[in-house]
Amino acid sequence: VIEFSNGVKIGGANRPVYMVGPCSVEEDYSGLLEVAIAAKEMGCQFLRGGAFKPRTSPYDFDGLGEKALKYLAKAKEETGLLVVTELMDVADLDMVCEYADLIQIGARNMQNFDLLKAVGRLHVPVLLKRGMSATIEEWLMSAEYIMSEGNHNVILCERGIRTFEKATRNTLDLSAVAAVKRMSHLPIIVDPSHATGRRWMVESMAMAAIAAGADGIMCEVHNDPEHAWCDGAESITPETFEHMMGDLRKLAPIVGR
Ligand code: PEP
Ligand code: MN
């Protein structure tokens, strides 16, 4: 069980936690705040948003850097939500630590061993996303890299793996939830946004993840998905998000969460 400064706990018999927000933090602070307020009202614990974005194309928007971190801090101050954001480079570690309650290591860096060891020397909890072509064993070994340096506060995040299937951006491996529960003591959450790449699939896959025993959900919510600077196709609106949270809250007790 990983515990945060404000008493939020992830894992064990605790209720599922919810981490929501835009893929990347954008110039428009009011959009971020709108999502953060909706998240708080719906009982979420974390605001997500990338300040440093790993983009496939070097010509795509790659994040606002410290400005984004400051926006997240401001939204945290206004809502009380904890902040989860990605760290891509050891050089930014001190800066990101100033703002993040939970440091995200992205799928593309799951085997960046120097980065893993660097966050392993901290006490800040780490959210380790599964590499898009990583086996569960490789993923757990990456978690081990972090823990072997002394930081045992690791949360795993299944975000879909690459398969031959093209109907979805990735293939959500829900069996990873069951496998991790058997193989490891670490909490595991599911990201149905990157796993599907399709906003209309997000709600049903979030429901399936909770039914499968996930300790939480990370999901992309944007005030105007059609015009999002990153991952609009998989981002849901605050309205859809509110509907989803209503359904998740009904489902959780039925499956013993
Ligand atoms: C993200 O969460 O914004 C992200 C880039 O995810 P992933 O590393 O899983 O692709
Ligand atoms: Mn994204």
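We're numbering straight along the sequence, starting at 1. As the structure lists them, so they are numbered: ligands from 1, and atoms in each ligand from 1. It should be emphasised that the depicted structure is a prediction, and the values quoted were computed from it without experimental measurement.
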Atom 8 (O) of ligand 1: closest protein heavy atom, distance to 0.1 Å, is Ala107 N, 2.8 Å

Checking side-chain contact (heavy atoms from CB on, under 4.5 Å) against Val202, which of Thr240, Asp191, Thr196, Val221 comes through?
Thr196

Met218 N/O to ligand 1 N/O under 3.5 Å
no

Using 4.0 Å as the upper bound for N to carboxylate O, is an ion pair formed by Arg55 and Asp60?
yes

Salt bridge between Glu86 and Arg48, side-chain N to carboxylate O under 4.0 Å?
no

Inspect the contact between Glu78 and Lys74 and indicate whether a charged nitrogen and a carboxylate oxygen are less than 4.0 angstrom apart.
no

Can you tell if the side chain of Glu234 reaches within under 4.5 Å of the side chain of Arg198, non-hydrogen atoms only?
no

If I consider every N, O or S atom in Asp231, which one ends up closest to the Mn ion (ligand 2)? I only need its name.
OD2

Which protein heavy atom lies closest to atom 6 (O) of ligand 1, and at what distance to 0.1 Å?
Lys129 NZ, 2.9 Å

Contact flag Cys230/the Mn ion (ligand 2), N/O/S atoms, threshold under 2.8 Å
no

Salt-bridge contact Lys53-Asp231 (side-chain N to carboxylate O under 4.0 Å):
no

Taking the N/O/S atoms of Glu220 one by one, which is nearest to the Mn ion (ligand 2)?
OE2

Considering heavy atoms of the protein only, find what lies nearest to atom 4 (C) of ligand 1 and give residue, atom and distance to 0.1 Å.
His194 NE2, 3.5 Å

Sub-3.5 Å N/O-N/O distance, Asp191 and ligand 1:
no

Indicate whether any N or O donor in one side chain lies under 3.5 Å from an N or O acceptor in the other, for Tyr145 and Gln111.
no

Are the side chain of Glu158 and the backbone N or O of Asp173 linked by a donor-acceptor pair below 3.5 Å?
yes

Quick check on Arg48 - does any of its heavy atoms sit under 4.0 Å from an atom of ligand 1?
yes

What atoms of ligand 1 come within less than 4.0 Å of a heavy atom belonging to Gly106?
8 (O)

Given Met110, Arg159, Gln104, which has its nearest heavy atom closest to atom 10 (O) of ligand 1?
Arg159

Of the side chain and backbone of Met132, name the one, both, or neither that has a heavy atom under 4.0 Å from an atom of ligand 1.
neither

